[in-house]
Amino acid sequence: MLWTPPEPRTLEQMHRYETRYEILITVNGETERAGFTNRVNQHTLLNFARMYRDYILPLISDADPMQYSRQYGLTFGDKIRIHKSGRTERDCRTLDTETARQPQPQTQGTLL
């Protein structure tokens, strides 16, 4: 992808604020985090499309239809999809933290 995916806020920063939901952009089967939002609706997904227009516009043509459904999100032809992941920002932070804490598998080798 052409951008650095935004990181979730820390648990302390999320305290006493509304829940935010993860928004993803899928291009040709490759998925990246676009950001987080309090609301997930057509207007919000269009705003994410506007934010990443420099990346999206070269990949679509005038013939590609734009469609919206609550289940699949916003789609541009069959190449690009902007949608919710079903995870909250807190879920993302917790899973990212747990993944970082997992011990790395040790490979067995011979000592020289």
Side-chain angles (χ1 to χ4, degrees):
M1 292 285 173
L2 299 176
W3 69 86
T4 304
E7 290 295 319
R9 298 174 294 177
T10 63
L11 296 176
E12 293 80 21
Q13 292 170 332
M14 288 183 233
H15 185 66
R16 297 184 187 186
Y17 286 96
E18 292 180 346
T19 300
R20 292 171 56 183
Y21 301 94
E22 182 181 40
I23 302 296
L24 303 175
I25 295 181
T26 302
V27 178
N28 297 326
E30 184 180 333
T31 302
E32 279 292 331
R33 180 184 298 149
F36 299 95
T37 184
N38 295 339
R39 295 181 173 182
V40 181
N41 55 27
Q42 184 177 9
H43 180 74
T44 303
L45 296 178
L46 281 170
N47 282 339
F48 275 98
R50 286 183 192 110
M51 285 173 32
Y52 293 102
R53 67 180 170 266
D54 294 336
Y55 180 71
I56 292 173
L57 286 176
L59 300 174
I60 60 175
S61 67
D62 292 339
D64 289 335
M66 183 193 79
Q67 298 176 339
Y68 171 77
S69 73
R70 292 183 79 190
Q71 182 178 4
Y72 297 110
L74 190 63
T75 57
F76 297 91
D78 59 351
K79 299 176 186 173
I80 299 173
R81 181 174 167 221
I82 301 173
H83 56 100
K84 62 182 178 181
S85 69
R87 299 187 329 168
T88 64
E89 187 177 24
R90 185 175 299 274
D91 293 338
C92 295
R93 172 55 70 185
T94 304
L95 291 174
D96 291 347
T97 305
E98 288 175 1
T99 304
R101 289 183 187 166
Q102 289 180 353
Q104 299 298 321
Q106 296 180 359
T107 58
Q108 294 182 353
T110 59
L111 296 175
L112 298 178

### Query
Is L24 linked to Y52 within one hydrophobic cluster, defined over Ile, Leu, Val, Met, Phe, Trp and Tyr using a side-chain heavy-atom separation of less than 4.5 Å?
no
### Atom pair NE2/OG1 of H43 and T37 - distance to nearest 0.5 Å
9.5 Å
### Message
Under 4.5 Å between side-chain heavy atoms, counting indirect links through other Ile/Leu/Val/Met/Phe/Trp/Tyr residues: same cluster for I56 and V27 or not?
### Response
yes
#### Entry: By side-chain hydrogen bond (donor to acceptor under 3.5 Å, both in side chains) - contacts of R90 (at least two apart)
none
### Message
Test of understanding: with side-chain hydrogen bond (donor to acceptor under 3.5 Å, both in side chains), list the residues that count as partners of N41, not counting sequence neighbours.
### Response
T44
Would you mind writing out the side-chain donor-acceptor pairs for residues 10-19 within the sub-3.5 Å range, not counting sequence neighbours?
unit_1	atom_1	unit_2	atom_2	d
T10	OG1	Q13	N	3.3
T10	OG1	Q13	OE1	3.4
Q13	OE1	T10	N	3.0
E18	OE1	N38	ND2	3.0

### Task
Taking the side chain as every heavy atom from C-beta outward, state whether F48 and L74 have any atom pair closer than 4.5 Å.
no
### Query
Considering all heavy atoms of both residues, which atom of A49 and which atom of F76 are nearest to each other, and what is their separation?
CB-CZ, 4.0 Å
### Task
For T75, enumerate each residue passing the side-chain hydrogen bond (donor to acceptor under 3.5 Å, both in side chains) test, keeping only those at least two apart in sequence or located in another chain.
none
### Task
For R53, enumerate each residue passing the side-chain hydrogen bond (donor to acceptor under 3.5 Å, both in side chains) test, keeping only those at least two apart in sequence or located in another chain.
none
### Message
Quick one about T94 and D91 (side-chain donor to acceptor, distance below 3.5 Å, no hydrogens or angles considered), yes or no?
### Response
no
### Query
Which atom names give the shortest non-hydrogen contact between A34 and P6, and what distance separates them?
O-CG, 3.5 Å
### Task
Check the hydrophobic clustering (I, L, V, M, F, W, Y; side-chain heavy atoms under 4.5 Å; chains of links allowed) and say if M51 and L45 are grouped together.
yes
Under 3.5 Å, which donor-acceptor pairs do the side chains of residues 78-86 form with other protein atoms, sequence neighbours left out?
unit_1	atom_1	unit_2	atom_2	d
K79	NZ	L59	O	3.3
R81	NE	Y72	O	2.8
H83	NE2	T26	OG1	2.9
S85	OG	E22	OE1	2.6
S85	OG	R87	N	3.1

